[in-house]
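Down below is the structure, laid out as structure tokens.
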Amino acid sequence: MDLVQFVIVLIVVGVLLWLVNNYIPMDRKIKQILNIAVVIAVVLWVLKVFGVLGSLSGIRIGK
């Protein structure tokens, strides 16, 4: 994935989240949960794109 495509995806996700937060009537707690879920999903996606998440799968904890 090239840098332009990466930035476009981040902008689209941000605009969609902004539209949902401003124009869809929801309870404040539901909006917070939605925002947290989207941020976690985007962070995990960014880590996967940069290869950090794939390298962490080789780490073993315990026996």
Side-chain angles (χ1 to χ4, degrees):
M1 174 178 287
D2 60 351
L3 184 61
V4 174
Q5 196 175 18
F6 178 75
V7 171
I8 289 173
V9 169
L10 288 179
I11 290 171
V12 168
V13 168
V15 168
L16 288 175
L17 189 60
W18 176 78
L19 287 171
V20 167
N21 281 329
N22 284 328
Y23 295 112
I24 296 180
M26 281 187 277
D27 187 35
R28 184 176 51 90
K29 291 182 181 183
I30 296 173
K31 282 186 182 183
Q32 286 179 337
I33 292 170
L34 178 68
N35 289 339
I36 291 170
V38 169
V39 167
I40 290 172
V42 167
V43 167
L44 289 175
W45 176 74
V46 167
L47 290 175
K48 185 176 178 183
V49 166
F50 285 115
V52 176
L53 196 59
S55 64
L56 292 178
S57 64
I59 297 175
R60 292 187 55 159
I61 299 174
K63 296 182 180 183

(request) Mark yes or no for whether Asp2, through its side chain, and Gln5, through its backbone, hold a donor-acceptor pair below 3.5 Å. (result)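 Flag set: sc Asp2 to bb Gln5 pair under 3.5 Å.
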When rounded to the nearest 0.5 angstrom, what distance separates [atom1] in [X] from [atom2] in [Y]?
X: Leu3; Y: Ile8; atom1: CG; atom2: CD1; answer: 10.0 Å
X: Arg28; Y: Ile33; atom1: CZ; atom2: CD1; answer: 11.0 Å
X: Leu16; Y: Asn21; atom1: CG; atom2: CG; answer: 11.0 Å

(request) For a side chain to side chain contact (heavy atoms under 4.5 Å, CB included) with Ile11, tell me which candidate from Val7, Val13, Val9 qualifies. (result)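 Among Val7, Val13, Val9, the one that satisfies the side chain to side chain contact (heavy atoms under 4.5 Å, CB included) with Ile11 is Val7.
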(message) If you compare all heavy atoms of Met26 against all heavy atoms of Leu34, which two are closest, and at what distance to 0.1 Å?
(response)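 Looks like CE-CD2, 4.1 Å.
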(message) Would you say Leu10 ends up clustered with Leu17 if hydrophobic residues are merged whenever their side chains have heavy atoms under 4.5 Å apart, either directly or through other cluster members?
(response)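 Shared cluster, yes.
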(request) List for me each residue that meets ring-ring contact (aromatic ring centres under 6.0 Å, His included) alongside Phe6, sequence neighbours excluded, and say none if there are none. (result)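 Phe6 satisfies ring-ring contact (aromatic ring centres under 6.0 Å, His included) with Trp45, Phe50 only.
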